2 protein chains.
Amino acid sequence: MKLSDGVEWALHCCTVLALVPPEYALPAAKLAEFHGVPAAYLAKHLQALARAGIVVSLPGAKGGYKLSRPAAEITLLDVVLAVEGATPAFRCTEIRQRGPASLPAKEYGLPCSITRAMGRAEQAWRESLRSETIADLLTALSHDINPRAAMKAATWMQEALA
Amino acid sequence: MKLSDGVEWALHCCTVLALVPPEYALPAAKLAEFHGVPAAYLAKHLQALARAGIVVSLPGAKGGYKLSRPAAEITLLDVVLAVEGATPAFRCTEIRQRGPASLPAKEYGLPCSITRAMGRAEQAWRESLRSETIADLLTALSHDINPRAAMKAATWMQEALA
DNA sequence: GTCCCTATACTCGGATAGCAAGTGTCCGAGTATAGGCGG
DNA sequence: CCGCCTATACTCGGACACTTGCTATCCGAGTATAGGGAC
């Protein structure tokens, strides 16, 4: 089981976008430069965020991406599902309906107990992600960021938005 | 994000093995036949379970697999980690240490807040899986299995162990 | 009748191809801006 | 000096190669069994 790298990138991008003044937008190329990742590939994931309504994209000069709503209203789950897709990690293939001890499909009502248990675990995962927002990331970040790093990031953004 | 099919197969196999009398063992080929899955590929995952100490393998005639300990002492997490590997789904690549606003690696102490949040979610997932055992699956199964299916399975196992 | 030996058939185990999804990249469509021109 | 028009440069968006890891398979090593023979 592996989560796409895009999830990490998207979350970092959301925290950066949350720091951009509302009247500005930040292009994908700048976000890629800031994080040191391939711009073209990051764009792919930003498009996913746009499709999910988490960010809005503005075309043309001085365009770019910005958050569609306050950071406190964007949960980590929103971002993860947007990038990774909403299909659950565990997919029951109903192998109980195959093999010599199986019955016609009509006879099976509930999902099997394994599927239900795996579903509960995945639900717990989603619940944890739903309980935290981009705003929470920012407050946590503000507590343990190196002041010099914060300064460098601030000056960089000044230039990027100019 | 996708969980290997082997997880589903392994869990089903464990429930079946839990029903095998302790003095018997069930070969991989029989388990594959019962579930209608490719035998050679299922064997690969059973080997993973054996490496993790969840099942024991007995070579030679009348050999096969059996559970290494009571079903109540095997958690779903044990099985999932054995098949899927213990590496977490979310891997932080420390992109905060790249790009123009980064500092020397030495300056970064804690993992970033994103990594911590994702870790908490994954912890919740693992905790949920850890709280349930193969024995729990069996009791749930006994409640909602079709009696005819149970009968067919029982007679099949009689033959398989003969 | 009992014990031992041998040959057999069955088991697991790791090493080997094939394929799908994630990874990385590119170029084209569309738009707000900026500058120049005319009034 | 102000407004309009045009050309430009910049943005996103979807379509195209490549690599990693999951899927699927095979054959070889090892062992408990079962049968036959000797005592």
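Any value given below was found using the heavy atoms of this structure, including those in side chains, with hydrogens, waters and symmetry copies removed. Predicted model only: the values in this text are computed from it and were never measured. So that the names make sense, note that chain A is the first sequence line, chain B the second, and so on, each numbered from 1.
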> Would you say a side-chain N or O of A:Ser57 is under 4.0 Å from OP1 or OP2 of D:dT11?
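No.
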> In residues 14-48 of chain B, what residues come within less than 4.0 Å of DNA chain C, judged by heavy atoms?
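Going residue by residue through residues 14-48 of chain B, the ones with a heavy atom under 4.0 Å of DNA chain C turn out to be B:Pro27, B:Ala28, B:Lys44, B:Gln47.
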> Quick one: does B:Arg130's side chain have a donor or acceptor within less than 3.5 Å of a partner on B:Thr75's backbone?
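Flag not set: sc B:Arg130 to bb B:Thr75 has no pair under 3.5 Å.
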> Identify, between B:Arg51 and B:Met1, the residue whose nearest nucleotide on DNA chain C lies closer to the 5' end.
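Checking each residue's closest nucleotide, the 5'-ward one belongs to B:Arg51.
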> Got a donor-acceptor contact below 3.5 angstrom from the A:Tyr108 side chain to the A:Leu103 backbone?
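Looks like yes, one N/O pair under 3.5 Å.
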> Please give, in whole Å, the distance from D:dT19 P to A:Asp5 CG?
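Taking atom P of D:dT19 as the reference, CG of A:Asp5 is at 17 Å.
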> Which whole-number value in Å describes the distance from B:Lys62 NZ to C:dT11 P?
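Nearest whole value for this atom pair: 10 Å.
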> Check the distance between C:dA9's P and B:Leu58's CG and give it to me in whole angstrom.
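One finds 22 Å between P of C:dA9 and CG of B:Leu58, rounded.
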> Heavy atoms from C-beta onward define the side chain here; which of D:dG13, D:dT31, C:dG22 lies closest to that of A:Ala50?
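Of the options given, the side chain of A:Ala50 lies nearest D:dG13.
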> Distance-only, no hydrogens or angles: does the A:Glu132 side chain make a donor-acceptor pair with backbone N or O of B:Ala117 under 3.5 Å?
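It does not hold such a pair.
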> Rounded to whole angstroms, how far apart are CD on B:Glu84 and P on D:dC22?
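Spelled out: CD on B:Glu84 to P on D:dC22 is 7 Å.
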> Could you check whether any side-chain N or O of B:Glu107 sits under 3.5 Å from a backbone N or O of A:Asn146, counting only pairs where one atom can act as donor and the other as acceptor?
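Not a single qualifying donor-acceptor pair exists.
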> Once you round it to whole Å, what is the distance between C1' of C:dT23 and CZ of B:Arg91?
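These atoms are roughly 14 Å apart.
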> Give a yes or no on whether the backbone of A:Ile54 and the side-chain of A:Ser68 come within a donor-acceptor separation of less than 3.5 Å.
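Yes; judged by distance alone, with no hydrogens or angles, the pair exists.
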> Do the charged groups of A:Glu122 and A:Arg120 touch, with an N to O distance under 4.0 Å?
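So A:Glu122 does not pair with A:Arg120 through a salt bridge.
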